[in-house]
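To keep things clear, I will list the structure first and then write my remarks on it.
One-based numbering, in listed order, for ligands and for the atoms of each.
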Amino acid sequence: MQKETIAVHGGYNNKEGYGTMSVPIAQTTAYAFRDAEHAANLFALKELGPIYTRLNNPTTDVLEQRFAQLEGGAGALCVASGQSAIFYAIANVAEAGDNILISDKLYGGAVTLLTHTIKRFGISAKVFKSADASDLEEQIDDKTKAIFFESLSNPQIAIADVEKIVEIGKKTGVLTICDNTVASAALFNPIDWGVDVVVHSTSKYTNGQGSAIGGIIVERDGLAEFFKENSQRYYNFTEPDTSYHGLVYTDVPLPNFTLRARLSLLRDIGAAQSPHNSWLLLQTIETLALRVDKHSENALEIAKFLESHPKVKSVNYPGLESSPYYEKAQKYFKDGKASGLISFEVESYDAAKAVIDSAKLFSVVVNIGDSKSLIVHPASTTHSQMNEEELVAAGINSTTVRLSIGLEDPKDLIEDLELALS
Ligand SMILES: *Cc1c(COP(=O)(O)O)cnc(C)c1O
């Protein structure tokens, strides 16, 4: 089925329940069991069904199924935010003494989480260059549990060499995890290229209107076989889980990665998505492909305008032929479209501040993927927790301005930027 069709129908049968066309919000904490045996069966996974909204919820379940289908995955797990999706994806495979490999081009929140916070849990992160993965394989050892990267990175707007990363992951038997937030499921599907696990902040393009925080983890089909083949590394999936009465995940005919994340991490740490946010995301996902097309078309027009402007030193947008990522955008992304994210360089920090303060249609906001156009200075906001060295490595300067192009008419946005730059 095509994505546009899945986005509207996936995971929901309107002949069940009350027959409502809109997916109902199951605004409930818990569920009544038929009897004691039914309850026991649910806990023992002999029967599947909702138990408690921290673990599962019928509205969230529709979103999980729809999203898994959109990404071409076997299963999905919604969580409360993109950050918790990243944390759960890592904590699902790594523990004290382990390490992970992370891309040099990541979202600021992912950098602090993966280099500082998880260090406190004894998991260390080593950095590799995602543009060509030339230093990836040499850094992998028998304690390496995951390779984490962003398909289209925020805010550097760099595209990873997905094929090379996947090739090394497969060769060494290390799980690949791709944060696909910025490209979105409309432009790119990492699983089609062999990636094992996909995470998203659904707060961005999936929501598209800046009205809900959410995160999701999607896994490809066949991870049980992968864990069995690499059981020395992934013994948590092939050996009994003493916290779940000795369950061996690879023995269960359900998508293994999200099963373990749900039964152990969501159960114990509890960053569950509210049913209301799942419902909001079910509304917005219906128009995801339409919106991302328009965001991308607008952004290309604006990137071309900026490139021709004398006060703009350089423009970074993978849809521009001048971009070092142009070829990758053509290869990986639907119709070579490249989302609504643009960054550009001006002469000085003061010039960057002046543009941000003078733009009227652009709101000064750290979010991305909203229908409203946004502008931000990454070095002093989203990436202010990074030191000088980390900033340089991430390609963020004090003269960088980032735009998230919305759904307004591009003529108005160009006029606004023209004034702001004058
Ligand atoms: C925003 C973002 C996140 C974090 O998501 P939240 O929903 O804000 O927690 C993670 N990765 C990327 C690429 C993002 O843009």
[X]: what forms a side chain to side chain contact (heavy atoms under 4.5 Å, CB included) with it, not counting sequence neighbours?
X: Asn236; result: Glu95, Arg260
X: Gln65; result: Asp61
X: Ser384; result: none

Inset, instruction - For Glu71 and Asn180, test the side chains for any donor-to-acceptor distance below 3.5 angstrom and give the result as yes or no. - result: yes
Inset, instruction - Taking the six-membered ring for Trp and the full ring for Phe, Tyr or His, determine whether the centres of Tyr205 and His200 are under 6.0 Å apart. - result: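 Ring centres of His200 and Tyr205 not closer than 6.0 Å.
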Inset, instruction - Name the orientation class of the two ring planes belonging to Tyr349 and His377 (parallel below 30°, tilted from 30 to 60°, perpendicular beyond 60°). - result: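 Answer is parallel, since the angle falls under 30°.
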Note every protein N or O atom lying under 3.5 Å from an N or O atom of ligand 1, pairing the names and giving the distance.
{"from": "ligand 1", "atom 1": "5 (O)", "to": "Ser201", "atom 2": "OG", "distance (Å)": "3.0"}
{"from": "ligand 1", "atom 1": "7 (O)", "to": "Gly82", "atom 2": "N", "distance (Å)": "2.8"}
{"from": "ligand 1", "atom 1": "7 (O)", "to": "Ser201", "atom 2": "OG", "distance (Å)": "2.8"}
{"from": "ligand 1", "atom 1": "7 (O)", "to": "Ser203", "atom 2": "OG", "distance (Å)": "2.6"}
{"from": "ligand 1", "atom 1": "9 (O)", "to": "Gly82", "atom 2": "N", "distance (Å)": "3.1"}
{"from": "ligand 1", "atom 1": "9 (O)", "to": "Gln83", "atom 2": "N", "distance (Å)": "2.9"}
{"from": "ligand 1", "atom 1": "11 (N)", "to": "Asp179", "atom 2": "OD2", "distance (Å)": "2.7"}
{"from": "ligand 1", "atom 1": "15 (O)", "to": "Asn154", "atom 2": "ND2", "distance (Å)": "2.9"}
{"from": "ligand 1", "atom 1": "15 (O)", "to": "Lys204", "atom 2": "NZ", "distance (Å)": "2.8"}

